[in-house]
Amino acid sequence: MNMYAVISDIHANLEALGAVLADADMAGADRLVCLGDLVGYGPDPNRCVSLVREAADAVVAGNHDLAAVGRLDISWFNDTARRAIRWTAARLEPDISSYIASLPLERRIGDTLMVHGSPRNPLEEYLLDGYAARSSFGSDDFHLCLVGHSHRPLVFMLAANGEVTMMEPGVDTLLELRDSHRYIVNAGSVGQPRDRNPAAAYCLYDPEGQVIAFRRTAYAVERTQEKMRAAGLPRSLIDRLGDGR
Ligand code: ZN
């Protein structure tokens with residue numbers, strides 16, 4: 001058996017991460033890959049990084065990760081994101097910081113590519129339409145590329161005739177991968193979903209069966225929000241977890 005749990009954009013939300021790891025375990029996942037943004041926004045950066053570091057087979061860096069360890073300029077971040085990064089940077093334990101700083105921008109397992117943003121710009125590009133996805137298909141020869149960053153579960157498919165289609169997978173969607181097509185799949189966000197569904201999002205990928213299952217897991221949102229309040233993190237970041245926007 002070989003089944004990957006694909007997680008992304010945890011953003012230091014320990015309750016969401018715990019719920020997803022338990023759900024993936026129950027569903028039979030025996031591998032774990034993480035597409036970045038382990039920290040930033042949320043109240044438990046050190047524990048989230050420790051958990052992923054222990055459990056994951058492959059991890060790539062996200063923009064918030066590198067920002068938190070001073071490897072990415074935060075002048076382009078919006079005000080709340082910047083405040084959360086400063087809060088995070090002041091609390092990261094030294095070994096956690098050096099682990100984050102050591103993360104690669106991309107990993108490959110077979111013909112599957114893993115990046116945070118896009119193959120063209122692994123840290124910062126958002127893939128939100130077919131036009132952007134088309135350039136990404138052209139920049140590498142992956143069959144499947146797993147991405148995060150936009151906090152929305154999304155599928156881009158490139159057909160043999162060059163047509164790119166975009167799909168927003170609903171809860172419990174099963175995507176069967178075909179040899180004739182190429183795919184970019186966004187797993188959604190574990191710790192800060194932005195598709196109006198506050199439940200933690202992730203995927204299960206079965207490489208032998210060539211199937212990806214999109215999953216949602218409810219978690220104790222109020223508990224995370226309470227910790228954020230106690231930590232003095234920005235109000236808008238606390239509120240958005242409640243309705244997933
Ligand atoms: Zn993110």
Side-chain angles (χ1 to χ4, degrees), residues 1-39 44 47-62 65 96 99-100 102-119 122 127 140-156 169 171-179 181-191 193 199-219:
M1 173 85 173
N2 201 346
M3 167 100 82
Y4 286 86
V6 181
I7 63 173
S8 190
D9 297 275
I10 297 152
H11 286 293
N13 186 335
L14 185 64
E15 286 69 32
L17 177 60
V20 160
L21 293 180
D23 187 69
D25 197 44
M26 246 163 37
D30 53 358
R31 306 282 168 102
L32 179 71
V33 298
C34 176
L35 308 173
D37 277 5
L38 288 76
V39 303
D44 283 304
R47 291 179 68 191
C48 286
V49 173
S50 299
L51 263 180
V52 171
R53 178 171 62 177
E54 258 166 52
D57 297 274
V59 183
V60 296
D65 301 321
I96 298 287
Y99 171 74
I100 291 175
S102 77
L103 290 174
L105 296 183
E106 59 169 69
R107 285 288 305 265
R108 235 172 257 269
I109 297 179
D111 57 2
T112 300
L113 174 65
M114 288 164 275
V115 292
H116 182 61
S118 80
L127 293 179
D140 194 282
D141 62 356
F142 58 84
H143 179 240
L144 169 66
C145 178
L146 299 169
V147 303
H149 195 40
S150 70
H151 296 210
R152 286 162 196 225
L154 278 177
V155 176
F156 298 97
V171 178
D172 294 332
T173 295
L174 282 184
L175 174 70
E176 291 181 31
L177 304 179
R178 289 182 272 176
D179 286 345
H181 288 56
R182 295 173 61 205
Y183 299 86
I184 298 173
V185 170
N186 191 316
S189 169
V190 169
Y202 79 104
C203 293
L204 292 171
Y205 171 45
D206 166 10
E208 275 118 64
Q210 286 291 289
V211 178
I212 294 180
F214 292 85
R215 294 178 74 92
R216 301 304 282 247
T217 310
Y219 72 95

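Heads up: numbering here begins at 1 and tracks the sequence.
- Distance check: L154 CG to F214 CZ gives 8.5 Å after rounding to the nearest 0.5 Å.
- Under a cut-off of 6.0 angstrom, the local environment of CZ in R47 is sparse, with at most 12 non-hydrogen atoms contributed by other residues, nucleotides or ligands.
- Contact detail for C34 and I10: the closest heavy-atom pair is SG-CD1, 3.8 Å.
- Across all non-hydrogen atoms, the minimal contact from D65 to V60 is OD2-O, 4.3 Å.
- Contact of the I7 side chain with the L17 side chain is registered, since non-hydrogen atoms from C-beta on lie closer than 4.5 Å.
- Within the 4.5 Å cutoff, side-chain heavy atoms of L144 are placed close to those of I212.
- Separating the OH atom in Y4 from the CD1 atom in I109 is a distance of 4.0 Å, to the nearest 0.5 Å.
- Here the closest non-hydrogen pair linking S8 and H116 is OG-ND1, 4.3 Å.
- The neighbour count for R216 CZ, taken as heavy atoms of other residues, nucleotides or ligands under 6.0 Å away, is above 12.
- By the side chain to side chain donor-acceptor pair (under 3.5 Å) test, S189 pairs with no residue at all, sequence neighbours left out.
- Summarising the geometry, atom CG belonging to D37 is positioned 12.0 Å from atom SG belonging to C48; distances are rounded to the nearest 0.5 Å.
- A 4.5 Å side-chain heavy-atom check between R31 and N2 finds at least one atom pair inside the cut-off.
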Between L38 and I100, does the side-chain contact (heavy atoms from CB on, under 4.5 Å) criterion hold? Intermediate values first, please. CA-CA 9 Å; L38 288 76; I100 291 175; 6.0 Å; no
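- To the nearest 0.5 angstrom, L35 atom CG is 8.0 Å from N186 atom CG.
- In terms of heavy-atom proximity, A199 sits nearest to P193 at O-CG, 3.3 Å.
- Considering only heavy atoms from C-beta on, R53 comes within 4.5 Å of I96 through its side chain.
- Smallest separation of non-hydrogen atoms from Y219 and N13: OH-ND2, 3.0 Å.
- For the atom pair CG of L105 and CE of M114, the computed distance is 13.5 Å after rounding to the nearest 0.5 Å.
- Contact annotation: the side chain of R108 approaches that of D140 to within less than 4.5 Å [non-hydrogen atoms, C-beta and beyond].
- Applying the side chain to side chain donor-acceptor pair (under 3.5 Å) test to D23 and every residue at least two apart in sequence or in another chain returns Y202, R215.
- Without hydrogens or angle criteria, D206 side chain to M3 main chain gives no donor-acceptor distance under 3.5 Å.
- H151 and H11 have tilted rings, their planes meeting at an angle from 30° to 60° on a 0 to 90° scale.
- Of the possible donor and acceptor atoms, one in the side chain of H143 sits under 3.5 Å from a partner among the backbone N and O of H181.
- In plain terms, the two heavy atoms of F142 and P119 that are nearest each other are CE2-CG, 3.8 Å.
- How far CG of D57 is from CZ of R107: 8.5 Å, rounded to the nearest 0.5 Å.
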